[in-house]
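Following: one structure in structure tokens, then a few remarks.
The chains referred to below are lettered A, B, ... by the order of the sequence lines, with proteins before strands, and numbering in each begins at 1.
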Amino acid sequence: MNELKSQQDYFLLSTVYDAESNGAGIKLFDVSSQKIIYFLDPYGHEPYCYSLEPLSELKAIEAEFPPNTVKRIVTTKKKDILNDSIVNPSQIVTVTPSEVPKVRDILKTHGWETWESRIKYHRNWLYDTQLVPGRKYWWDESNRKFISPQSISEGLEIPTPVIESLAKYSGLIQVFQDDFLQEIPNLPIVACDIETEYEEGQIPQSSDPKFPIICICLSDNNNNEIALVLSRKYVEKGKPWADVPQNLNIESFEDEKLLLRRTFEILKKYSVICSFNGDNFDFPYLHARARHLKIIKSSPILWNRRAKECNFRNAIHLDLYRFFHNVAIKTYAFGNKYQEETLDAIASALLGIGKISLNKGIAELTEWELIRYCLRDARITRDLLLYDNSTPLNLIFILARISRMPIDDLVRTSVSNWVQSLFYHEHRRRGYFIPNQSDIHLLKGGGTSTEAIIKGKKYKGAKVIDPTPGIHFNVAVLDFASLYPSIIGTKNLSYETLLCNHIECKKNIVPQTNYWVCSKNRGIMADIIGFIKDIRVMWLKPVSKENLSRKNFFQILERSLKVLINASYGVLGSDRFPLYCLPVADSTTAFGRDAINKTIEKAESLDITVLYGDTDSVFLLSPPKERINEIIQWSKKELEVGLEMEKVYKYVVLSQRKKNYFGVYEDGGVEVKGLMGKKRNTPPFLQDGFNEVLNLLSQVNNLEEFSKAKEKVKGLIKNIYAKLEKNKYSPEELSITMQLTQPLGSYKVNSQHVKAARQLENYHQELYMSKHNGKKYDEGFIKAGQLIRFVKTKEGDRVTPVELMSKDIKHDIKAYKSMIESTFDQLLGALDINLEELASGQINLMEFFN
DNA sequence: TCGATA
DNA sequence: AACGGCTTATCGA
């Protein structure tokens with residue numbers, strides 16, 4: 001430990017399970033040397049789990065533990081919030097972390113449970129030391145501990161009134177101030193991408209690394225770029241592309257071994273190594289290839305085959321594929337800006353630059369073409385991490401701090417892990433015993449108090465108000481700010497407060513259910529979620545708009561809290577979540593339905609017409625301003641949930657269907673919900689037509705203008721019909737896109753996209769067989785998750801994949817006509833364009849418009 | 001035509 | 001590897 005100096009800045013990045021020492025390994029970023037220091041646990045922390053059997057019983061079976069397993073068994077004291085009591089569990093301290101599962105198994109043979117035995121040791125270490133990944137520390141050699149010299153960075157202070165009003169959350173504000181309000185360090189970062197030799201139909205695999213690595217590109221955050229290329233005599237050099245970057249260094253190698261060694265040498269200079277799919281391909285392959293070439297000793301890659309992870313001893317690996325694949329990140333941090341999780345799709349959506357598109361295989365590229373292709377991948381991977389003032393990198397740091405997850409774990413795990421970690425940490429901080437999922441289930445029951453509307457769901461969800469169909473002018477939409485998190489916070493919902501064991505609490509009934517909520521103790525989930533919601537609304541949201549000098553930091557913090565808060569209810573409602581308690585999820589939606597119901601009543605009592613509403617919103621027909629304010633004030637007082645005026649529509653067109661409408665704002669902006677023309681499976685020619693019609697409608701200000709617009713709309717639709725009949729649309733424009741959710745072989749049904757997928761598979765197989773002496777390609781070309789694009793056609797299967805369309809295959813005009821009808825019927829059905837005659841089949845849409 | 005399923 | 005509610009298309013009885 002003597003390498004740590006006092007009064008020097010270190011950032012704790014990660015803790016890992018150190019297999020060699022069978023203990024915790026710690027990765028610290030040393031600011032002065034700009035390197036990661038790796039060392040073993042300096043705290044002498046001991047692994048353990050708990051048992052609720054009396055000490056004497058456990059001592060009696062001690063002989064069953066193999067030698068060097070259990071160090072000691074001691075009685076401890078913990079607060080058991082589930083039963084609102086104090087417990088004295090026996091703490092079984094083991095020699096190393098890997099003994100904990102063994103102890104668990106031995107106790108199980110006696111029918112005894114264990115607690116806190118499934119927490120990964122390197123995370124347990126963080127909860128007990130209360131050290132925070134992503135945070136800055138100093139080393140105090142005399143006490144052999146990390147200390148925090150100055151906790152809040154300049155300009156990030158929370159105003160006193162905010163601190164005071166958040167004091168009710170059991171010390172969470174103090175934790176927040178101490179641990180989260182600091183600079184994010186500047187780190188040496190490099191992105192890496194590799195290309196291998198390739199044969200058609202064969203995917204390079206780390207299990208059989210038979211193809212040489214022919215190019216490796218590295219791009220760092222200091223704008224250094226290196227391309228390492230294997231010279232191959234049979235490959236043309238080609239010509240450099242037009243704008244080869246000045247800073248690009250190209251190194252050529254005759255020998256692949258030297259190329260790999262040089263790569264390893266470069267990688268060792270960096271603290272953060274990022275990749276796109278590096279856990280699954282680039283680094284396993286690089287490592288396997290090093291083994292194949294017998295230079296494994298120079299590889300810095302630690303490959304965990306079972307966990308499908310690649311790590312580095314003196315760096316952290318961020319696989320951006322895994323981060324951007326995360327549903328919570330995709331939806332709440334990036335607002336679904338990208339739809340597919342490929343490097344090309346994500347980079348195109350966020351950076352506006354995708355991969356280089358190739359019209360030939362990797363094997364056919366000239367050396368320069370190969371460099372260009374590989375470099376682009378490395379560069380956009382780096383740029384994704386640094387996108388928008390390093391938003392992804394900063395999100396990773398802040399989320400790691402809040403959820404107390406090691407940075408590389410955070411990137412690889414889903415939001416339910418993050419919330420779990422956050423909750424576990426808070427239990428430890430407060431000295432609470434962490435219950436097993438079965439404890440909660442046994443005490444609170446698995447039954448629900450409500451019945452779900454949709455078959456197969458566990459409990460009832462949100463309320464959607466039946467829309468009043470038609471055109472409505474001047475419509476205000478009010479919505480509850482963070483409805484479910486607010487409810488969890490203000491109604492004190494938590495696994496221990498629902499159905500608590502106090503008789504006097506049984507009167508605090510959850511609306512329309514048989515549940516009651518504790519009024520004696522604050523719930524731990526209610527505290528954490530309520531606190532995050534409050535600090536975000538009270539402080540971060542306003543300050544991230546006002547404070548210009550610290551805007552960036554505040555925005556990132558605000559966004560991180562948004563990710564956690566928005567995902568929290570969903571996680572609580574999932575039976576895979578270790579602290580899952582069905583009554584909590586059930587009560588959350590029950591209070592939600594109650595809130596929207598009472599709001600409708602209130603609005604109607606003020607003579608305001610409620611046109612529509614969904615989960616947390618109400619659409620009000622031209623409400624006077626002062627009445628809106630009255631409703632907002634009432635909600636704050638009576639419901640304890642913030643209600644806000646979200647938007648005002650110049651007009652909104654509601655159909656008779658729920659979740660299907662479009663509205664036009666004062667500035668002409670259009671919002672479309674649920675309508676078919678917007679869905680991704682709708683053929684592009686219809687999407688385009690749909691958008692053009694919307695554009696016409698967005699210019700309408702009153703009823704008279706509608707009739708003018710209608711004429712134009714008619715013309716537009718007529719034109720679409722004509723083009724369809726005259727065969728003016730390309731197969732791409734006519735294509736219907738659907739995802740193959742299962743492997744092709746496991747489909748029992750023979751629906752359109754399955755038929756198309758089978759045709760494509762057969763086509764590729766035949767092509768392959770003709771090139772490989774009639775041998776089949778066993779793995780199959782069409783994989784689960786792939787998007788299938790097909791055209792509705794007249795012959796045979798009645799569908800043809802876009803790729804197999806040719807001049808002599810005709811599209812099915814009738815089928816497309818009915819698609820046009822249903823798409824525009826949805827859009828215009830609510831307008832006074834009467835399409836009933838169409839539905840009855842008397843005339844078609846084209847005749848109608850004539 | 002209707003329920004089940006994606 | 002977060003929830004439930006809702007709409008649409010298609011299959012098979």
Using a cut-off of strictly less than 4.0 Å, decide whether [X] has a side-chain nitrogen or oxygen near OP1 or OP2 of [N].
X: A:Thr615; N: C:dG5; result: no
X: A:Gln752; N: C:dA9; result: no
X: A:Lys460; N: C:dG4; result: no
X: A:Arg657; N: C:dT8; result: yes
X: A:Lys792; N: C:dA9; result: no

When all nucleic acid strands are considered with a 4.0 Å heavy-atom cut-off, which category describes [X]: base, sugar-phosphate, or nothing?
X: A:Asn660; result: sugar-phosphate
X: A:Ile454; result: base
X: A:Gly570; result: base
X: A:Ala585; result: nothing
X: A:Lys458; result: sugar-phosphate
X: A:Lys658; result: sugar-phosphate
X: A:Lys673; result: nothing
X: A:Tyr459; result: sugar-phosphate
X: A:Tyr332; result: base

Point to revise | A:Tyr816-A:Tyr729 aromatic ring centre distance below 6.0 Å | key: no

Check your understanding: Is there side-chain contact between A:Leu572 and A:Thr588, with at least one heavy-atom pair below 4.5 Å?
Key -> no

Practice item. Measure from the side-chain N and O atoms of A:Ser14 to the backbone N and O of A:Pro406, and report whether any donor-acceptor pair falls under 3.5 Å. Key: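 Answer holds: no.
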
Point to revise | Donor + acceptor pair across side chains of A:Glu821, A:Tyr721 (<3.5 Å) | key: yes

Point to revise | Ion pair A:Arg798/A:Asp812, N-O distance below 4.0 Å | key: yes

